[in-house]
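Read through the structure below, which is laid out as structure tokens, and then see the notes.
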Amino acid sequence: ATPTSIMVGTGRAAENGILFKGGEHLERTHALDTIVLDKTGTITKGQPEVTDFTGDKEALQLLASAEKGSEHPLAEAVVAYATEKGIDFLEADRFRAIPGHGIEAEISGKSILVGNRKLMNEYDIEIADAEKQAENLETAGKTAMFVAVDGTFRGIVAVADTVKETAAEAIRQLKEQGLEVIMLTGDNERTAKAIAKQVGIGQVIAQVLPEEKADKVKELQLQGKKVAMVGDGINDAPALAVADIGIAIGTGTEVAIEAADVTILGGELLLIPKAINISHATMKNIR
Ligand code: ADP
Ligand code: MG
């Protein structure tokens, strides 16, 4: 490999908004056969909004006050929704985020839980009556979160995030380039599949805990695949580091950008097939 042609390649990539940390990453991009994409903030815009809430005003007040302690995009959506509804926020006496599950808080002597089925199961909250409703929301591509107060189910809050305008076209191009495309997410399977369908992804690995994302990438590598991971979040960082090529979304967290080999500016997914084209063109010049 001539250093000059690699420099030309990374320069051309940079002009397009694809920032390689070094020439060796451009060389390795050439060998990729699998691309794993995080859902929230990578395929979707990462600005979820509340679309449905089935509980009463007190439940909303407790739920939103509890979510105020969380930095999760889902929490921000809930806080914005409650603010819009004119809810007075209460001070939480205790708050705990449970990664991949939800949150737990104590407010005005009441214990609040907000999160997914796993969280409700762990605290033995009876949600059977709400299951059908949750499934309908999820089939529509929404993330349904269950709310419990003092051990009793009090409502579902559903949040939806829109997919990026160019996501489907980027994925079409990646497939045309011969890559296997997989979605990897902490969200539930039904929601994940609905979003995947919108952008033309057939393979979904869902309900993955933040600390398990890197393991999923390693499993694919053990099958002999050369894997690129694309992500934006703190919870994607270990997977970005483990992947053959880690691709960070430029609008994502600093932690993800640091762990990755490449950053795509503005989170424009079309830059991924573009990077692959540039790597192919560069390697062709070398041989
Ligand atoms: P993602 O891969 O989409 O970033 P996470 O691993 O962060 O997802 O979260 C997985 C799931 O855990 C969410 O879909 C949600 O059901 C639940 N969850 C996480 N954080 C919160 C929160 N602050 N409030 C309610 N639910 C949450
Ligand atoms: Mg994300």
Side-chain angles (χ1 to χ4, degrees), residues 36-48 50 53 59-60 62-82 92 95-105 112-123 125 127 134 137-138 141-148 154-161 163-164 167 182-196 204-214 216 229-240 246-253 255-257 259-260 267 269:
V36 177
L37 300 118
D38 160 62
K39 176 173 74 70
T40 312
T42 298
I43 292 172
T44 69
K45 292 181 180 167
Q47 287 152 354
V50 171
F53 177 61
L60 178 59
L62 292 169
L63 146 74
S65 301
E67 289 285 19
K68 211 150 195 186
S70 167
E71 283 165 10
H72 203 282
L74 293 173
E76 286 173 19
V78 170
V79 170
Y81 174 76
F95 170 84
R96 188 164 68 100
I98 310 162
H101 294 76
I103 56 162
E104 182 247 328
I112 327 290
L113 294 167
V114 190
N116 54 23
R117 291 175 183 78
K118 271 188 266 183
L119 183 74
M120 295 298 126
N121 289 339
E122 268 163 35
Y123 284 83
I125 311 291
I127 53 164
L137 292 163
E138 289 165 352
K142 299 170 183 173
T143 300
M145 295 171 279
F146 300 87
V147 184
R154 291 284 295 272
I156 292 177
V157 59
V159 155
D161 197 358
V163 303
K164 292 179 181 172
I182 302 170
M183 179 194 281
L184 180 64
T185 177
D187 211 341
N188 77 89
E189 182 138 13
R190 223 172 276 111
T191 307
K193 282 199 167 142
I195 300 291
V204 171
I205 309 174
Q207 270 145 259
V208 180
L209 292 175
E211 65 271 22
E212 291 172 350
K213 280 193 171 180
K216 295 293 172 190
M229 168 76 200
V230 191
D232 69 314
I234 296 169
N235 61 353
D236 298 316
L240 290 168
I247 304 175
I249 297 293
T251 49
T253 60
V255 184
I257 291 169
L269 297 178

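Atoms within a ligand are numbered from 1 in the order they appear, just like the ligands themselves.
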For [X], atoms of ligand 1 separated by under 4.0 Å from a heavy atom:
X: Thr185; answer: 2 (O), 3 (O)
X: Asn235; answer: 4 (O), 6 (O), 7 (O)
X: Lys213; answer: 2 (O)
X: Ile103; answer: 23 (N)
X: Asp187; answer: 14 (O)
X: His101; answer: 12 (O), 17 (C), 18 (N)
X: Ser70; answer: 23 (N)

Could you report the tightest heavy-atom contact between [X] and [Y], atom names first, then the distance?
X: Val157; Y: Val147; value: CG1-CG2, 4.2 Å
X: Leu37; Y: Ile43; value: CB-CD1, 3.9 Å
X: Gln47; Y: Asp161; value: N-OD1, 3.2 Å
X: Tyr123; Y: Glu104; value: OH-CG, 3.9 Å
X: Ala206; Y: Asn188; value: CB-C, 4.0 Å

Going by distance only, is there an N or O of [X] that falls short of 3.5 Å from an N or O of ligand 1?
X: Leu74; result: no
X: Thr143; result: no
X: Asn188; result: no

[atom]: nearest protein contact (heavy atom, Å):
atom: atom 10 (C) of ligand 1; answer: Gly186 O, 3.4 Å
atom: atom 26 (N) of ligand 1; answer: Met145 SD, 3.4 Å
atom: atom 3 (O) of ligand 1; answer: Thr40 OG1, 2.9 Å
atom: atom 7 (O) of ligand 1; answer: His72 NE2, 2.7 Å
atom: atom 16 (O) of ligand 1; answer: Asn116 CB, 3.5 Å
atom: atom 27 (C) of ligand 1; answer: Gly102 CA, 3.4 Å

Requested in this report: Keeping the roles fixed (side chain from Asn116, backbone from Gly100), state whether a donor-acceptor pair exists under 3.5 Å.
Outcome: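 Yes, because the side chain of Asn116 sits within donor-acceptor range (under 3.5 Å) of the backbone of Gly100.
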Query - Exam field: side chain Thr44 to backbone Gly41, donor-acceptor pair closer than 3.5 Å - result: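 At least one qualifying donor-acceptor pair exists.
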Report task. Ignoring hydrogens, just give me the one of Glu71, Glu67, Lys39 whose non-hydrogen atom is nearest atom 22 (C) of ligand 1. Result ->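 Heavy atom nearest to atom 22 (C) of ligand 1 belongs to Glu67.
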Query raised in the report: Is there a heavy atom in Gly100 that sits closer than 4.0 Å to ligand 1?
Result: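 Judged by the 4.0 Å heavy-atom criterion, Gly100 does count as contacting ligand 1.
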Report task. I would like to know whether Lys193 and Glu189 meet salt bridge (Lys or Arg N to Asp or Glu O under 4.0 Å); could you show each step before the answer? Result -> CA-CA 6 Å; Lys193 282 199 167 142; Glu189 182 138 13; 3.0 Å; yes
Query raised in the report: Does atom NZ of Lys164 have more than 12 heavy-atom neighbours from other groups under 6.0 Å away?
Result: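 It does: Lys164 NZ has more than 12 such atoms within range.
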Query raised in the report: Is the number of heavy atoms from other residues, nucleotides or ligands under 6.0 Å of Lys216 NZ greater than 12?
Result: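 No, because the 6.0 Å sphere around NZ of Lys216 holds 12 heavy atoms or fewer from other groups.
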Query - Name of whichever N/O/S atom of Asp232 is nearest to the Mg ion (ligand 2) - result: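 Atom name returned: OD1.
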Query raised in the report: In Asp38, the N, O or S atom nearest to the Mg ion (ligand 2) is which?
Result: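 This residue's closest N, O or S atom turns out to be OD2.
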Query raised in the report: Of the options Leu184, Asn235, Thr185, which is the one that meets Val208 in a side chain to side chain contact (heavy atoms under 4.5 Å, CB included)?
Result: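 So the option named by the test is Leu184.
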Query raised in the report: Of the backbone and side-chain N, O or S atoms of Thr42, does one lie nearer to the Mg ion (ligand 2) than 2.8 Å?
Result: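 Not a single backbone or side-chain N, O or S atom of Thr42 is under 2.8 Å from the Mg ion (ligand 2).
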Query raised in the report: Yes or no on side chain to side chain contact (heavy atoms under 4.5 Å, CB included) for Arg154 and Leu63, after CA distance, side-chain angles and deciding distance?
Result: CA-CA 10 Å; Arg154 291 284 295 272; Leu63 146 74; over 6 Å; no
Query raised in the report: Taking it one step at a time, do Lys118 and Leu209 satisfy side chain to side chain contact (heavy atoms under 4.5 Å, CB included)?
Result: CA-CA 11 Å; Lys118 271 188 266 183; Leu209 292 175; 3.4 Å; yes
